Amino acid sequence: MKRRPITYSKNIFIPVTNVCRNKCAYCGFRRPAEHKDAFLMTEDEVISILKRGAEAGCTEAMFAFGESPQDNPEFEKRFGKQLKEAGFENTIEYTAHLCRLALDCGLLPHVNGGVLSFDELQMLAPLNASMGLMLETTANVPAHKDCPGKVPAARLEMIENAGQLGMPFTTGILIGIGETRNDWIQSLLEIQKLHDKYGHIQEIILQNYTPNSGQANPIFDLRPPSKEDMVDLIVLTKNTLTPDISIQVAPNLMSPLELIQYGVTDLGGISPVTIDYINPESAWPEIEGLTNLLNSKGYEFKERLPVHPQFVKKGRYGSETKELIEKLADADGYRKI
Ligand SMILES: O=c1nc2n(C[C@H](O)[C@H](O)[C@H](O)CO)c3cc(O)ccc3cc-2c(=O)[nH]1
Ligand SMILES: C[C@H]1O[C@@H](n2cnc3c(N)ncnc32)[C@H](O)[C@@H]1O
Ligand code: SF4
């Protein structure tokens with residue numbers, strides 16, 4: 001029997017702001033608003049990355065950034081003026097504008113800005129090919145101390161809201177953060193439950209916690225998963241979720257060659273242009289080399305859009321992305337070559 005292809009999306013990563021209301025112990029991306037390296041990207045900075053992405057043939061602009069930065073008065077003090085002068089009340093309004101710029105440059109937005117309210121989701125949904133939020137885990141782990149946005153119920157609620165809005169959605173679980181194996185199963189079951197209700201989950205990311213030098217918080221209860229842990233998780237996922245949900249691992253965090261045979265179907269966003277701002281020391285593999293390697297092992301490696309083929313074929317994505325998706329997709333819903 002012919003295997004289904006392994007897919008990926010050629011993307012750019014736009015980290016709109018690294019200020020965040022949460023303090024995840026594993027995160028090396030966040031900076032306190034008063035820190036010298038805290039930033040809110042300017043429109044010109046974003047445009048410059050968008051242009052480089054378009055030139056390199058990317059189709060996805062992934063906006064991943066700190067959650068509700070304006071909850072922090074220091075953020076308002078330092079960046080409020082920059083936002084207001086650009087004409088925006090808050091980061092989400094600004095992100096909507098950046099999504100429009102991405103579409104103008106020929107790139108399809110995928111926003112993951114942490115927990116968003118229903119109204120915020122509703123504002124961004126038409127401008128996105130798909131959206132995302134990692135569930136992380138259904139467990140209350142110490143690594144999520146002082147993280148209002150990592151309360152499992154808040155995350156599940158947003159994933160449910162995205163389902164009500166009909167958005168193709170990426171979620172996932174992060175392992176090695178103090179959870180148990182039973183928590184993996186509970187997390188998978190909650191994700192499947194929402195998918196049974198709304199049919200909107202396009203992929204589940206199985207992310208292995210990876211230490212990096214940016215971590216500002218004291219590290220407790222964190223353990224980088226072994227290859228064996230990831231294999232167990234992949235097999236569990238394959239046996240728990242319906243097969244219409246892609247199983248994604250990040251090829252810069254663990255060698256995909258040793259994992260794909262267990263049921264991985266997707267390698268997520270790979271960028272020829274930007275680094276992975278979440279794990280900056282973990283370089284992206286080069287796409288051509290990875291393609292040859294996978295082909296030599298008998299796998300087809302196929303480029304998709306940030307919205308998975310079955311949703312492309314159903315016309316299910318943000319209304320304002322329709323024209324570009326129709327231009328970029330082939331008859332099977334993959335990227336046209
Ligand atoms: O480069 C990254 N891409 C991440 N992506 C993007 C992902 O790799 C792809 O862009 C999606 O498959 C959409 O095509 C995420 C997307 C989400 O919706 C939620 C979480 C992530 C996490 C990461 C990440 O840590 N690094
Ligand atoms: C964007 C996503 O990146 C994940 N994330 C955050 N920090 C790390 C890390 N050190 N290693 C692996 N994944 C991480 C979280 O799951 C978040 O939701
Ligand atoms: S992982 Fe996301 S939510 Fe957690 S501190 Fe980092 S930026 Fe904030």
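Quick note: residue numbers are just sequence positions, from 1. Note that ligands are numbered from 1 as they come in the structure, with each ligand's atoms numbered from 1 the same way. No experiment lies behind these values; they were computed from the predicted model shown.
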Which residue supplies the protein heavy atom nearest to [atom], what is that atom called, and how far is it?
atom                    : value
atom 2 (C) of ligand 2  : M134 CG, 4.1 Å
atom 11 (N) of ligand 2 : T210 N, 3.0 Å
atom 1 (C) of ligand 2  : N112 ND2, 3.9 Å

Cationic N near anionic O, under 4.0 Å, [X] to [Y]:
X    : Y    : result
E55  : R52  : no
E203 : R304 : yes
K197 : E160 : yes
K327 : E323 : no
R155 : E67  : yes

List ligand 2 atoms under 4.0 Å from [X], heavy atoms only on the residue side.
X    : value
N212 : 10 (N)
Q207 : 3 (O), 4 (C), 12 (C), 13 (N), 14 (C)
N279 : 9 (C), 10 (N), 11 (N), 12 (C), 13 (N)
I278 : 3 (O), 5 (N), 6 (C), 7 (N), 8 (C), 14 (C)
E136 : 15 (C), 16 (O), 17 (C), 18 (O)
L174 : 12 (C), 13 (N), 15 (C), 16 (O)

Is a side-chain donor or acceptor of [X] paired with a backbone partner of [Y] at a separation under 3.5 angstrom?
X    : Y    : answer
T171 : L135 : yes
N18  : F39  : yes
Q202 : P306 : yes
N208 : L253 : yes

| message | I need the full list of ring pair (Phe, Tyr, Trp, His ring centres under 6.0 Å) pairs touching residues 263-296, with sequence neighbours left out, sorted by first then second residue. | response | F13-Y277
| Pairs touching residues 297-329 that satisfy ring pair (Phe, Tyr, Trp, His ring centres under 6.0 Å), sequence neighbours left out |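 Applying ring pair (Phe, Tyr, Trp, His ring centres under 6.0 Å) to every pair that reaches into residues 297-329, excluding sequence neighbours, yields Y8-F301.
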| message | Ignoring hydrogens, what is the shortest heavy-atom contact between D229 and S226? Give both atom names and the distance. | response | OD2-N, 2.9 Å
| field | Winner among N208, L222, D276 once heavy atoms are compared against atom 12 (C) of ligand 2 | value |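 Nearest option to atom 12 (C) of ligand 2, by heavy atoms: N208.
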| task | Check if L133 has a non-hydrogen atom at a distance under 4.0 Å from any atom of ligand 2. | result |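 No, L133 has no heavy atom closer than 4.0 Å to ligand 2.
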| task | Measure the CZ-CD distance between R100 and E320 for me, rounded to the nearest 0.5 Å. | result |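 The CZ atom of R100 sits 6.0 Å away from the CD atom of E320.
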| task | Hey, could you give me the OH/CD distance between Y334 and E303, rounded to the nearest 0.5 Å? | result |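 If I round to the nearest 0.5 Å, the distance is 12.5 Å.
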| Would you say ligand 2 has an N or O under 3.5 Å from any N or O of Y26? |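 Yes, at least one N or O pair falls under 3.5 Å.
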| query | Does one side chain, of D244 or T242, offer a donor that lies under 3.5 Å from an acceptor on the other? | reply | yes
| So what's near atom 4 (Fe) of ligand 3, protein N, O or S atoms under 2.8 Å? |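 Metal shell, protein only: C24 SG.
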Output block, N or O contacts of ligand 1, threshold 3.5 Å exclusive:
{"residue": "ligand 1", "atom": "8 (O)", "partner": "Q248", "partner atom": "OE1", "Å": "3.3"}
{"residue": "ligand 1", "atom": "8 (O)", "partner": "G269", "partner atom": "N", "Å": "2.9"}
{"residue": "ligand 1", "atom": "10 (O)", "partner": "E60", "partner atom": "OE1", "Å": "3.1"}
{"residue": "ligand 1", "atom": "10 (O)", "partner": "E60", "partner atom": "OE2", "Å": "2.4"}
{"residue": "ligand 1", "atom": "12 (O)", "partner": "E203", "partner atom": "OE1", "Å": "3.2"}
{"residue": "ligand 1", "atom": "12 (O)", "partner": "E203", "partner atom": "OE2", "Å": "2.7"}
{"residue": "ligand 1", "atom": "12 (O)", "partner": "Q248", "partner atom": "NE2", "Å": "3.0"}
{"residue": "ligand 1", "atom": "12 (O)", "partner": "R304", "partner atom": "NH2", "Å": "2.8"}
{"residue": "ligand 1", "atom": "14 (O)", "partner": "E60", "partner atom": "OE1", "Å": "2.7"}
{"residue": "ligand 1", "atom": "14 (O)", "partner": "R304", "partner atom": "NH1", "Å": "2.8"}
{"residue": "ligand 1", "atom": "18 (O)", "partner": "H110", "partner atom": "NE2", "Å": "2.6"}
{"residue": "ligand 1", "atom": "25 (O)", "partner": "Q207", "partner atom": "NE2", "Å": "3.3"}
{"residue": "ligand 1", "atom": "26 (N)", "partner": "D276", "partner atom": "OD1", "Å": "3.3"}
{"residue": "ligand 1", "atom": "26 (N)", "partner": "D276", "partner atom": "OD2", "Å": "3.4"}

